[in-house]
Protein chains: 2
Amino acid sequence: MSETRTGTTPHARATDDPDAGTVPRPRPGGRSARVRAAVHRAVAELLTEGPAEHLTMPAIAARAGVHPTTVYRRWGTLGELLAAVAASRFSGDLVVPDTGSLRGDLEQWTADLATDLTDPDSIAIIRAALSSGTEGGCACTTERQEQLASMLDRERSRGGAAPTVERALDALLAPVYYRALFTPAPGTPDWARSLVDTLLPRPA
Amino acid sequence: MSETRTGTTPHARATDDPDAGTVPRPRPGGRSARVRAAVHRAVAELLTEGPAEHLTMPAIAARAGVHPTTVYRRWGTLGELLAAVAASRFSGDLVVPDTGSLRGDLEQWTADLATDLTDPDSIAIIRAALSSGTEGGCACTTERQEQLASMLDRERSRGGAAPTVERALDALLAPVYYRALFTPAPGTPDWARSLVDTLLPRPA
DNA sequence: GCATTATTGCAGCGATCGTTGCGTTCGGGT
DNA sequence: ACCCGAACGCAACGATCGCTGCAATAATGC
């Protein structure tokens, strides 16, 4: 059981935790993984149910069916826990498409991103992670920036021209995240696709 | 004394509180205003000094030289207080420029906006307000959206063509806020000015 | 100037938070 | 199958939070 998603957030993802079996950590055994999954799920659930102020360490522990001491010892601060949850939630959940053309890739990827941020779960986690310093905020976007960069690089290796990562960030990532955070309506996939037109020269 | 800024955040602003004398509130007398100013300033100060987790009602009251009960009674929740502080901080602090051309207006306004968000104070307030629901987040941007709309409307009344408010939001506001929130380096005024090129057709 | 009333200060309360020391249980290697 | 050590549960502590009586103060209208 590697963080089975029990219905609260039906969200497609490829791998659940990035560094699960890579580094030979002291003891990534069955129970530790189980506890971590329960705690992560508890954070997500409490974040959707009530306001962020009620998200406290004992509450998380109670929801997860775990003793509060465990949560304190493993994660230390609520901020670190939120950063960990955010990193786990926003890594490996989107796959970079390969439609053959840069435009197609970007359109599909941006639409997927916008759809992903439709989930109130995601928005709540981003908000909470942001409140705990820059690290938590970066945890929500670094993976996405890398994916964007990889698509642009692939186009260049094809021999085509591609804009800067910086400009792509400003044109695609920034609007999607801005809408999700600052407006009640997160933005539709069609709108997200149209963002690509502002980045790439028109098709022909 | 209407929230005299005592050095902690040297920030130019036009009016301090928008709805100060409009509605005949029960008793906006001298002491109430003084207390509110002290509390607002205390929030800003504590937000820059320590992490957001230590921002608690008694701490704010102590810093403001006010009894905690006062803060509880006037604002109720920490979230409401943060929303109020954010609304007060981000209203009337930027003036819409009038350079004669839409491009010039947008360039200067966006650069001003980016400079404004360089202040760690502002970023901390945005982060904190965001964590308390959508209302607090909107409080940071509604005024800016209106300013942007007014500039575009003015260009149209001049007879010129102007892009949609939606597109201007995506091209200008979103990148600036995104950088301020999710990256360690908030973005320079020159970069902000260059954003206008992605929105408007090149000068000639 | 004086009465009225919103607003603040004060003291104290229950509840919860965050931490620590120690015993117990479970996972991993031989 | 065994042992070792990491991870967890348990109980208790001090500190702080959030709230609610009641008294005092100061701003407004006459």
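Chain naming here is simple, since letters A, B, ... match the order of the sequence lines and numbering starts at 1 in each. Keep in mind that this is a model prediction, so the values were computed, not measured.
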Student: With the side chain counted from C-beta on, respond yes when T118(A) and I123(A) share a heavy-atom pair under 4.5 Å apart, and no when they do not.
Tutor: no
Student: So which of L181(B), L82(B), L47(B) actually passes side chain to side chain contact (heavy atoms under 4.5 Å, CB included) with R127(B)?
Tutor: L181(B)
Student: For a quick check under 3.5 Å, do T77(B) and E80(B) share a side-chain donor-acceptor pair by atom type?
Tutor: yes
Student: Rounding to a whole Å, what distance do you find between Y72(B):OH and dG21(D):P?
Tutor: 17 Å
Student: Taking CG from L78(A) and C1' from dG18(C), how many angstroms apart are they, rounded to a whole number?
Tutor: 12 Å
Student: Output the distance between atom CG (L200(B)) and atom CD (E107(B)), rounded to the nearest 0.5 Å.
Tutor: 8.5 Å
Student: Do D190(B) and R193(B) meet the salt-bridge criterion of a basic N to acidic O distance under 4.0 Å?
Tutor: yes
Student: Which of residues 49-58 of chain B have a heavy atom under 4.0 Å from DNA chain D?
Tutor: T56(B), M57(B), P58(B)
Student: For D105(B), is there any backbone N or O sitting under 3.5 Å from a side-chain donor or acceptor partner on T99(B)?
Tutor: yes
Student: To the nearest Å, give me how far apart CZ (R34(A)) and C1' (dA7(D)) are.
Tutor: 12 Å
Student: Quick one: do the R167(B) and T198(A) side chains pair a donor with an acceptor below 3.5 Å?
Tutor: no
Student: Please report, rounded to the nearest Å, how far the P atom of dC17(C) is from the CD1 atom of I60(A).
Tutor: 10 Å
Student: Is there a side-chain contact between L148(B) and M151(B) (heavy atoms, below 4.5 Å)?
Tutor: yes
Student: How far does the helix from dG1(C)-dC30(D) to dT30(C)-dA1(D) bend, going by the axes of its first and last five pairs, to the nearest 10°?
Tutor: 50°
Student: Aromatic rings Y177(B) and F182(A): how do their planes relate, parallel, tilted or perpendicular, breaks at 30° and 60°?
Tutor: perpendicular
Student: Shorter than 3.5 Å, N or O on both sides, protein versus nucleotides 9-13 of chain C: list them out with atom names.
Tutor:
| unit_1 | atom_1 | unit_2 | atom_2 | d |
| --- | --- | --- | --- | --- |
| dG9(C) | OP2 | H67(B) | N | 3.1 |
| dG9(C) | OP2 | T70(B) | OG1 | 2.5 |
| dG9(C) | O6 | R73(B) | NH2 | 2.7 |

Student: Strictly distance-based, threshold 3.5 Å: is any side-chain N or O of S131(B) a donor or acceptor partner for the main-chain N or O of A128(B)?
Tutor: yes
